[in-house]
Amino acid sequence: MWEVYEHRKVTKRLSRLPHEVLKRYEKWKDVVEASGPQGLRLITGFRDEALRGDWAGHRSSRLNQQYRVIYRVESDKLFVLVFDVTPHDYRRK
């Protein structure tokens, strides 16, 4: 069983997300908690991929055509740290 931890700025952003994106994010969390990041790769709609550049070591999953969830997997622990839910803006802030 995997655990999903959210960065504190993610909780603020979640309240401003469109309802459909929020529902998709909750489904994303369910998949991660049940089967981990490997389960995301089996569902082609999420289009889970590794990021490069400033975000090297992180992964991105598509929630819809515009919104992405950016996260990192800690290898020695069974948890996923969500850094951002963003409308496809990968600039580090």
Side-chain angles (χ1 to χ4, degrees):
M1 201 70 175
W2 289 76
E3 293 184 53
V4 176
Y5 294 97
E6 298 166 341
H7 192 273
R8 66 179 180 272
K9 73 176 182 177
V10 171
T11 55
K12 291 180 184 179
R13 284 206 184 183
L14 290 178
S15 65
R16 295 181 299 212
L17 288 178
H19 182 68
E20 291 300 316
V21 174
L22 187 59
K23 284 177 28 182
R24 183 90 168 153
Y25 176 69
E26 292 299 326
K27 179 57 89 178
W28 180 89
K29 283 181 26 177
D30 291 343
V31 170
V32 171
E33 289 172 350
S35 58
Q38 298 81 11
L40 292 173
R41 294 182 194 114
L42 297 175
I43 301 172
T44 58
F46 285 125
R47 295 194 182 178
D48 188 72
E49 61 188 3
L51 297 176
R52 297 178 295 199
D54 291 342
W55 286 103
H58 295 79
R59 299 191 65 80
S60 169
S61 288
R62 184 180 285 193
L63 298 179
N64 69 7
Q65 191 170 359
Q66 181 181 10
Y67 282 88
R68 309 289 190 268
V69 58
I70 299 172
Y71 68 97
R72 183 179 72 210
V73 177
E74 295 294 327
S75 60
D76 58 337
K77 300 178 185 105
L78 292 176
F79 76 86
V80 173
L81 177 60
V82 176
F83 281 94
D84 206 357
V85 176
T86 178
H88 206 151
D89 180 14
Y90 291 119
R91 291 176 288 186
R92 296 291 299 247
K93 296 172 181 139

Participant: Taking C-beta and beyond as the side chain, do D48 and R59 meet within less than 4.5 Å on heavy atoms?
Facilitator: yes
Participant: What pair of heavy atoms forms the shortest contact from G57 to R72, and how long is it?
Facilitator: O-CG, 3.6 Å
Participant: How far does CG of L51 sit from CD of E49, to the nearest 0.5 angstrom?
Facilitator: 6.5 Å
Participant: Would you say the side chain of V32 lies within less than 4.5 Å of the side chain of K29, judging by non-hydrogen atoms?
Facilitator: no
Participant: Within the supplied structure, the quantity of interest is the number of heavy atoms (other residues, nucleotides, ligands) at a distance under 6.0 Å from Q65 CD; does it exceed 12?
Facilitator: no
Participant: Do the non-hydrogen side-chain atoms of E74 and Y5 ever get within less than 4.5 Å of each other?
Facilitator: no
Participant: Please test Y25 against E20 for side-chain hydrogen bond (donor to acceptor under 3.5 Å, both in side chains), starting from the C-alpha separation and ending with a verdict.
Facilitator: CA-CA 9 Å; Y25 176 69; E20 291 300 316; over 6 Å; no
Participant: Work out which heavy atom in E33 is nearest to a heavy atom in M1; give both atom names and the distance.
Facilitator: O-SD, 3.4 Å
Participant: I'd like to know if R13 pairs up with E6 as an ion pair, taking the criterion as any Lys NZ or Arg NE/NH1/NH2 lying under 4.0 Å from an Asp or Glu carboxylate oxygen.
Facilitator: no
Participant: Can you find a pair of side-chain heavy atoms, one from T86 and one from Y67, that are under 4.5 Å apart?
Facilitator: no
Participant: Whether R41 engages the ring of F46 as a cation-pi pair (distance to the six-membered ring centre under 6.0 angstrom, angle to the ring normal within 45°) should be assessed.
Facilitator: no
Participant: Which heavy-atom pair separates R68 from S60 by the least distance, and what is that distance?
Facilitator: CB-OG, 3.8 Å
Participant: Quick one: pull up CZ in R24 and NE2 in H19 and give me the separation to the nearest 0.5 Å.
Facilitator: 14.0 Å
Participant: Among V69, L63, L14, find the residue that satisfies the side-chain contact (heavy atoms from CB on, under 4.5 Å) test when tested with V21.
Facilitator: L63
Participant: If the plane angle is over 60° it's perpendicular, under 30° parallel, otherwise tilted; pick one for W55 and H58.
Facilitator: perpendicular
Participant: Testing the basics here: between G39 and S35, what is the closest heavy-atom pair and its distance to 0.1 Å?
Facilitator: CA-OG, 3.3 Å
Participant: If you take all heavy atoms of S61 and Y71, which pair is closest and at what distance?
Facilitator: OG-CE2, 3.7 Å
Participant: Should I70 and V82 count as side-chain neighbours, where that means a heavy-atom distance under 4.5 Å?
Facilitator: no
